[in-house]
There are 4 protein chains.
Amino acid sequence: MTEKQEKILKSALQLFAQEGYHATSTSKVAKHAGVSEGLIFRHFENKEGLLDAIIIEGEERSQALFSDIIFTSDAEELIQKTLDMMLSVSLNPDEFEFWKLQYKIKWETERYGEHKMEPLLLALTNAFSKLSYESPEMEAMNLLIIIDGLATRLALQKGFEAEPIITFLKRKYKG
Amino acid sequence: MTEKQEKILKSALQLFAQEGYHATSTSKVAKHAGVSEGLIFRHFENKEGLLDAIIIEGEERSQALFSDIIFTSDAEELIQKTLDMMLSVSLNPDEFEFWKLQYKIKWETERYGEHKMEPLLLALTNAFSKLSYESPEMEAMNLLIIIDGLATRLALQKGFEAEPIITFLKRKYKG
Amino acid sequence: MTEKQEKILKSALQLFAQEGYHATSTSKVAKHAGVSEGLIFRHFENKEGLLDAIIIEGEERSQALFSDIIFTSDAEELIQKTLDMMLSVSLNPDEFEFWKLQYKIKWETERYGEHKMEPLLLALTNAFSKLSYESPEMEAMNLLIIIDGLATRLALQKGFEAEPIITFLKRKYKG
Amino acid sequence: MTEKQEKILKSALQLFAQEGYHATSTSKVAKHAGVSEGLIFRHFENKEGLLDAIIIEGEERSQALFSDIIFTSDAEELIQKTLDMMLSVSLNPDEFEFWKLQYKIKWETERYGEHKMEPLLLALTNAFSKLSYESPEMEAMNLLIIIDGLATRLALQKGFEAEPIITFLKRKYKG
DNA sequence: TATGAATGAGGTTTCATTCAT
DNA sequence: AATGAATGAAACCTCATTCAT
């Protein structure tokens with residue numbers, strides 16, 4: 001991956017996250033990256049290829065993020081870490097932008113990356129099971145749904161404060 | 001509102017919900033509505049004006065939907081009705097399309113209609129308060145976040161089954 | 001000529017003079033006249049028909065303006081009156097607008113109304129002849145050219161002061 | 001400036017001069033220049049940008065034309081050259097088209113390029129002063145107005161013969 | 001690898017004009 | 001006589017993509 005390739009990818013990530021995929025033209029990306037428009041096509045073939053590259057990078061980043069959580073053996077800690085992840089997203093602008101893009105793309109292209117979440121779902125189910133919750137699968141699913149909801153608020157509701165609600169949730173799941 | 005005006009609005013609603021705002025051309029809307037493209041601009045001035053009209057109509061429909069819930073005096077019933085609303089959305093294709101559009105637009109245009117939700121937030125807070133939950137505001141907010149999360153899954157995850165998780169939630173909030 | 005017909009004509013005159021023929025849409029004219037767009041076509045058939053009506057009206061007004069000058073028997077007075085006409089145009093906003101339109105139309109449609117000017121040319125030639133100028137035809141033509149030049153300045157040069165130069169010319173032609 | 005850029009500029013100049021700015025579509029310009037329509041916008045951003053480019057080029061050409069006149073030290077010669085310039089315009093189709101466009105644009109966009117003429121006005125004032133005319137400023141202004149009038153006739157009156165009247169004027173100003 | 005001129009299809013919008021009422 | 005909904009063509013402009021250099 002050359003330096004310019006990375007610049008393009010970074011600019012695209014930023015612009016797609018800000019304005020959306022369809023609303024961002026390749027020429028905007030090129031200008032923002034300080035690169036000729038043709039270069040985008042040399043490196044990524046397509047505008048869609050550029051999107052794919054971003055998604056693939058995202059998949060890797062997601063996995064890295066999740067793997068730390070998934071391999072936590074203590075059930076309670078695993079749940080706490082899941083919620084901490086959202087807190088970290090809400091506080092770190094870089095992570096935030098990255099997450100926002102993931103959701104934006106999902107909504108614009110209507111492809112929900114279920115497989116990305118599945119390991120986390122299983123791990124959470126297992127955790128709730130260990131903690132003898134009555135319906136572990138449902139509890140796990142519920143938590144992931146909460147995460148989707150939180151992401152929605154974080155991305156779209158200006159001035160949304162994530163910290164209080166996450167603290168509330170963390171306490172709730174502490175038992 | 002003439003007959004053709006309504007056809008345009010309906011087609012736009014459908015297409016925007018399916019493909020997204022930016023990905024839907026005015027000519028597609030016109031063709032789908034069986035109308036000349038110019039007519040869109042005569043009636044709605046802009047593509048954005050068309051979107052505005054849809055949003056305004058949506059606001060009205062949302063209010064109608066919520067008002068039934070909000071004016072429920074029994075606290076437990078109010079919460080159940082809130083969840084039932086989501087069930088109804090998941091089962092009724094018309095309602096589903098309408099909700100999906102609301103979220104799609106939010107994600108594409110980055111305007112979260114907080115004011116639309118505020119009355120429901122207050123009503124839920126009040127309900128949780130009556131039921132002597134410890135943090136009624138947080139409980140209410142959490143439920144709304146769950147709704148956003150459910151909407152995300154419903155719209156984006158192919159084959160997502162809403163009924164089990166909603167049933168689970170309903171039981172959970174029954175005490 | 002009905003009341004609405006006159007309103008249309010007046011609005012068109014004003015707008016064509018301000019913005020030009022091509023830059024003025026029939027809908028703008030209709031709005032400005034407080035009339036439905038269809039009515040323009042009922043009364044004038046075409047946008048061009050509207051222009052024609054204005055030109056014809058202009059021809060009549062021009063003739064009225066010129067005839068007073070042309071039938072002046074005293075040679076010197078005739079020349080003075082010709083220059084006075086321009087002074088009057090420069091001072092009277094209504095007349096000014098009317099003249100401006102005539103020139104605008106000429107430039108946009110490339111049809112110079114020579115016939116309109118011809119009687120004045122002859123009268124001036126005759127006058128200069130009586131006053132024993134050496135080349136009466138050339139003198140007359142020159143004066144008409146000055147009038148075209150004055151009209152150009154009046155219409156296009158913001159803040160152009162017509163009075164001093166006209167006074168100068170009047171004195172010059174007094175002998 | 002690439003070859004195609006120049007072709008566009010040249011075609012636009014020609015067509016704007018012939019038909020007027022508003023009556024000439026960008027697609028007509030593109031076709032005439034043997035170029036894709038998009039290229040116009042790549043190079044000139046706007047239809048107006050194209051016009052601007054033409055005006056700027058015109059400004060430069062005007063200055064070149066005038067500078068030769070302005071720096072003539074002999075007063076009588078300066079005046080003669082001013083009139084000769086008009087003769088040259090009337091005889092040279094290329095120059096003629098260029099001048100016509102300047103005036104067409106002025107009338108369609110209502111921006112009189114006074115600054116372009118000012119140096120000539122000063123030079124002429126100075127010349128008439130040297131020749132001890134009574135009102136040098138007025139004489140100079142008058143001559144410029146005659147030029148505007150001549151331009152009007154040349155452009156708009158089919159079959160107008162410039163030579164006789166210019167010869168007449170040249171003799172007149174010879175003393 | 002990198003540029004930037006060039007394209008063609010398609011996007012939004014405007015406009016003159018028609019027509020049912 | 002008058003309206004205003006409706007149309008279709010054409011206007012200006014954007015965009016993803018290609019290609020010569």
Side-chain angles (χ1 to χ4, degrees), chain A residues 2-5 7-8 21-31 33-51, chain B residues 1-5 7-8 22-30 33-50, chain C residues 1-5 7-8 22-31 33-51, chain D residues 1-5 7-8 22-30 33-50:
Chain A
T2 73
E3 191 206 351
K4 296 215 170 183
Q5 237 174 116
K7 265 191 193 166
I8 292 170
Y21 173 69
H22 286 287
T24 304
S25 67
T26 49
S27 94
K28 240 193 255 173
V29 174
K31 238 168 263 165
V35 142
S36 77
E37 210 177 340
L39 198 59
I40 293 176
F41 293 88
R42 171 161 253 290
H43 284 312
F44 302 98
E45 176 134 41
N46 263 339
K47 196 189 175 185
E48 225 193 317
L50 182 56
L51 182 62
Chain B
M1 180 101 76
T2 72
E3 189 204 350
K4 299 219 171 184
Q5 225 172 133
K7 266 192 195 167
I8 292 170
H22 287 287
T24 304
S25 69
T26 50
S27 94
K28 237 192 263 177
V29 174
V35 142
S36 75
E37 207 177 344
L39 197 59
I40 293 176
F41 295 89
R42 179 173 232 292
H43 285 311
F44 302 98
E45 181 135 42
N46 265 343
K47 195 187 173 185
E48 221 191 321
L50 180 57
Chain C
M1 178 103 76
T2 73
E3 190 205 350
K4 297 216 171 186
Q5 234 173 120
K7 266 191 193 167
I8 292 170
H22 287 287
T24 303
S25 67
T26 50
S27 94
K28 240 193 255 174
V29 174
K31 237 167 263 166
V35 142
S36 77
E37 210 177 340
L39 198 59
I40 292 176
F41 294 87
R42 171 162 253 291
H43 284 314
F44 302 98
E45 177 135 40
N46 264 339
K47 196 188 173 185
E48 225 192 318
L50 181 57
L51 181 63
Chain D
M1 181 100 76
T2 71
E3 191 204 348
K4 299 220 169 182
Q5 227 174 129
K7 267 192 193 166
I8 292 170
H22 287 288
T24 304
S25 69
T26 50
S27 93
K28 235 192 263 174
V29 174
V35 142
S36 75
E37 204 177 347
L39 197 58
I40 293 176
F41 296 90
R42 178 172 233 292
H43 284 311
F44 303 99
E45 179 136 43
N46 265 342
K47 196 187 174 188
E48 221 191 320
L50 180 57

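Predicted, not measured: the structure shown is a model, and the values here were computed from it. By convention in this document, chain letters (A, B, ...) are assigned in the order of the sequence lines, proteins followed by strands, and residues within each chain are numbered from 1.
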Let me know the distance between [atom1] of [X] and [atom2] of [N], rounded to the nearest Å.
{"X": "B:Glu3", "N": "E:dT21", "atom1": "CD", "atom2": "C1'", "answer": "15 Å"}
{"X": "C:Lys28", "N": "E:dT14", "atom1": "NZ", "atom2": "P", "answer": "11 Å"}
{"X": "C:Ile8", "N": "F:dA1", "atom1": "CD1", "atom2": "P", "answer": "11 Å"}
{"X": "C:Ile40", "N": "E:dT18", "atom1": "CD1", "atom2": "P", "answer": "13 Å"}
{"X": "B:Glu37", "N": "F:dA5", "atom1": "CD", "atom2": "P", "answer": "19 Å"}
{"X": "A:Glu45", "N": "F:dT18", "atom1": "CD", "atom2": "C1'", "answer": "12 Å"}
{"X": "A:Phe44", "N": "E:dT1", "atom1": "CZ", "atom2": "C1'", "answer": "13 Å"}
{"X": "D:Leu50", "N": "F:dC12", "atom1": "CG", "atom2": "P", "answer": "10 Å"}

Exercise for the section: Could you let me know what F:dG8 is paired to, Watson-Crick or G-U wobble, both distances under 3.5 Å, or none if it's on its own? Expected result: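 Paired with E:dC15.
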Practice task
Tell which nucleotide pairs with E:dT21, taking only Watson-Crick or G-U wobble pairs whose two distances are both under 3.5 angstrom.
Solution key: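 The answer is F:dA2, by the H-bond criterion.
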Handout entry: Given DNA chain F, 5'-ward residue of the pair C:Arg42 and A:Lys47, judged by closest heavy atom
Key =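 Result of the comparison: C:Arg42.
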Problem - Contact nearer the 5' end of DNA chain F, comparing B:Leu39 with D:Phe41 - result: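 Its nearest nucleotide lies further toward 5', so the answer is B:Leu39.
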Do you know the tightest heavy-atom contact between [X] and [Y]?
{"X": "D:Ser36", "Y": "D:Ala30", "value": "C-CB, 4.0 Å"}
{"X": "B:Val35", "Y": "B:Lys4", "value": "CG2-CD, 3.7 Å"}
{"X": "C:Ile8", "Y": "C:Val29", "value": "O-CG1, 4.1 Å"}

Exercise for the section: Answer with yes or no whether the side chains of A:Glu37 and A:Ser27 bring together a donor and an acceptor at under 3.5 Å. Expected result: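 Result is no, nothing qualifies.
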Problem - Working for side-chain contact (heavy atoms from CB on, under 4.5 Å), residues A:Thr26 and A:Phe41 - result: CA-CA 9 Å; A:Thr26 49; A:Phe41 293 88; 3.9 Å; yes
Handout entry: A:Lys4 vs C:His22, nearer the 5' end of DNA chain E by closest nucleotide
Key =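 Final value for this comparison: A:Lys4.
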Exercise for the section: For D:His43 and for A:His43, locate the closest nucleotide of DNA chain E by heavy-atom distance; then report the residue assigned to the nucleotide nearer the 5' terminus. Expected result: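 On the 5' side of the pair lies A:His43.
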Does a side-chain N or O of [X] approach OP1 or OP2 of [N] to a distance below 4.0 Å, or not?
{"X": "B:Asn46", "N": "E:dT12", "value": "no"}
{"X": "B:Thr2", "N": "F:dA6", "value": "yes"}
{"X": "C:Thr26", "N": "E:dA16", "value": "yes"}

